[in-house]
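Here the structure is laid out as structure tokens; the discussion comes afterwards.
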Amino acid sequence: MEVFTAQLINAIALGSIYALLVIGFNLLLVVGGIFPFAYSHIVVLSMYMCWIVLRITGDNLILGILAGILSGTALSLITEPIFRPLAKRGAVLSSFIVAMAISMIITDIMSKRIHGGVVISFPLTLQGKEALITFGIATITAGHIATIAGSIIAGIGFFYLLYRTRQGRAFRAMGQSPFAARLLGIPIVKTSIFAYMIAGFLGGISSILLAMSLGSASAVLGDNLALKVMAVALFAGLGNIGGGLVAAMVLGLAEGMALAYLPGEWYQAISFGMIMVIIMIKPKGLFGAMA
Amino acid sequence: MVRNNILKIENLHVSYGPVRALRGISLEVYEGEIVVLIGANGAGKTSLVESILGITPAESGRIIFMGEDITQKKTEHIVASGICLIPEGRGILPLMSVMENLQLGAHHYKGDISEDLNIIYKSFPVLKERTKQMAGTLSGGEQQILSIARGLMSRPKLMMMDEPSLGLAPVLVKELFEIIVNLNKAGYTILLSEQNARKALQCGHRGYVFETGNIVLSGKSGDLEKDIRVQHAYIGSAL
């Protein structure tokens, strides 16, 4: 029971970060009109930026966190002009290939240019390992609470923007029909840039939460996360933002439980196997495409 | 009676790659008019309204709206300056509520739009009844009304309608043309593209007949209706 509780807490924390990543991914997919494979790589590169600033400033947490969030936002914005001509023509498949190119460049930078390609570890003060609540061997740490609370707040903020504001209305209109959005006088380029900014900002927050819950990062983390985010988005139905949240939690839980109760490294096979089965039964994903 | 010129198009050429969609179109719309564009599928009517709105770029020629050259302007500026398009197929946003669709009609306007909404709801009570309903669940006729109402939300000085009667049952088509005439009586200037030539000419003041990207005939609606060539080509022998 204690193992279960401990894994459950970890799984919820991890699932909530996946959820945040999937929100950003779907926002770029729906509003930006691209397949943002490199989104997770940008998030991991932001973890590296956070780490660098922490090293330079002698573990100044506030500056480190700011560095992660700002670089997430900035890196996402930089990619917008690269994708713009493809988005204009609706060339989603080409955008996937360009995104893969970007992801490889980012992975190369991280594996060759930063810290000699060695795994980076974040200071314990950022991870918040002190136990706040303990039952037996299971503990809820400050890091867990910050991660879960952070993703919930970011998620609620995003849904408020999406469903309660003028800008959010423009986002959804562009997702449902770029043509109708255009003839209604929604500024397509500006709205799209804003979507990259919001996605990047959420990615920046995710990078900090990942640093807290994983405690370390390496160059391959980008690919790992990108596969998971892509799979969760497919599982939920591409572009279905609400469905993505649920699916991310499901993947987090499935992974956590598989790690706890099944031998060794099978957890990936199991979670991806699950996704394959769902896609076979419901090709548009569990909740259908587009929200 | 001298009427103000709302829209003036001079020698407009539009191409999609090698396909020449408009080959030198010139036309004018005056304040308070219903101007009808008729012609077969692919004659260039949709290309014309889309290029007026800046969705399809003009290759050459000029589009002048209320004295201002808008040929190279972006769609968002053109909409804000007072042209709206009720597109073929209605272009409603199916997964958004009726109210949200209407709000999007006034997207360029950052102030309070509740008064505009009230006016719309008074004119089209069916939309008020369904204000919270997803637009995709409306019937075809209701969607067409929503599309027109959404256009009105932009406070247009020129309303362009592209094939509004397409896919509507005959009784609804009659209702639609009544709405168009009433809008015109209320002061709206309308550029109406229609394959239903007879109905359109009956409610319009003037018309232009399109054929493969050219205007082949123009004049008062009554005269056009009588014109044998039009009857033969677009109205059929039933008239």
Side-chain angles (χ1 to χ4, degrees), chain A residues 26-27 29-31 33 80-81 84-85 87-91 159-195 236-245 284-291, chain B residues 16-17 46 49-57 73-97 99-113 134-136 143 146-147 149-156 159-162:
Chain A
N26 274 331
L27 183 63
L29 182 75
V30 172
V31 182
E80 193 277 336
R84 195 185 299 168
K88 230 177 206 168
R89 287 189 287 124
F159 275 89
Y160 181 85
L161 170 78
L162 192 62
Y163 288 101
R164 289 281 177 273
T165 67
R166 207 173 145 268
Q167 188 63 53
R169 223 159 35 222
F171 278 167
R172 282 181 294 138
M174 268 178 73
Q176 281 173 37
S177 166
F179 175 72
R182 223 175 140 194
L183 70 86
L184 289 170
I186 292 170
I188 299 298
V189 173
K190 256 190 238 163
T191 306
S192 173
I193 289 175
F194 193 60
L238 278 180
N240 189 324
I241 292 174
L245 288 187
K284 280 195 162 179
L286 211 49
F287 306 99
M290 293 289 192
Chain B
Y16 302 97
T46 298
V49 292
E50 287 187 357
S51 67
I52 292 172
L53 207 67
I55 290 175
T56 312
K73 287 260 159 75
K74 283 187 184 156
T75 303
E76 56 255 42
H77 297 139
I78 295 170
V79 172
S81 69
I83 304 183
C84 73
L85 170 63
I86 287 101
E88 184 177 342
R90 296 155 201 139
I92 61 147
L93 297 152
L95 300 176
M96 294 171 89
S97 71
M99 159 117 72
E100 284 187 308
N101 268 274
L102 291 172
Q103 287 168 329
L104 278 166
H107 187 76
H108 58 85
Y109 182 67
K110 293 190 177 70
D112 182 26
I113 56 167
M134 292 271 188
Q143 289 188 12
L146 175 60
S147 187
R150 188 178 63 182
L152 289 169
M153 286 296 291
S154 72
R155 299 187 181 173
M159 290 184 89
M160 303 192 295
M161 302 189 191
D162 194 9

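- In this structure, Gly185(A) and His107(B) approach most closely via the heavy-atom pair O-CD2, 4.5 Å.
- Counting all heavy atoms, side chain and backbone alike, Gly54(B) lies closest to Arg182(A) at O-NH2, 3.5 Å.
- Residue Ser177(A) comes nearest to Leu93(B) through the heavy atom pair CB-CD2, 3.8 Å, listed as atom of the first residue, atom of the second, then distance.
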Practice prompt. Walk me through it: do Met96(B) and Arg169(A) pass the test side-chain contact (heavy atoms from CB on, under 4.5 Å)?
Written response: CA-CA 9 Å; Met96(B) 294 171 89; Arg169(A) 223 159 35 222; 3.5 Å; yes
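- Proximity to chain A (any heavy atom under 4.5 Å) is restricted, for Leu53(B), to the side chain, taken from C-beta onward.
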Discussion item. Test side-chain contact (heavy atoms from CB on, under 4.5 Å) on Arg166(A) and Lys110(B); report intermediate values, then the result.
Written reply: CA-CA 9 Å; Arg166(A) 207 173 145 268; Lys110(B) 293 190 177 70; 3.9 Å; yes
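- Once rounded to the nearest 0.5 Å, the distance linking CG of Leu183(A) with CD1 of Ile83(B) reads 12.5 Å.
- Interface check for chain A: of the options Arg90(B), His108(B), Arg150(B), Met153(B), the most heavy-atom pairs under 4.5 Å are formed by Arg150(B).
- Ion pairing between Glu100(B) and Arg172(A) holds under the 4.0 Å rule for side-chain N and carboxylate O.
- Applying the salt bridge (charged side-chain N to carboxylate O under 4.0 Å, His left out) test to Arg155(B) and every residue at least two apart in sequence or in another chain returns Asp116(B).
- Listed options Ile92(B), Ile55(B), Thr75(B) were ranked by heavy-atom pairs under 4.5 angstrom with chain A; first place goes to Ile55(B).
- Between Ala180(A) and Gly91(B), the closest heavy-atom pair is CB-O, 3.3 Å.
- In terms of heavy atoms, Val79(B) sits closest to Leu184(A) at CG1-O, 3.8 Å.
- Annotation for Pro94(B) and Gln176(A): closest pair N-OE1, 3.5 Å, computed over non-hydrogen atoms.
- With sequence neighbours left out, the salt bridge (charged side-chain N to carboxylate O under 4.0 Å, His left out) criterion links Glu80(A) to Arg84(A).
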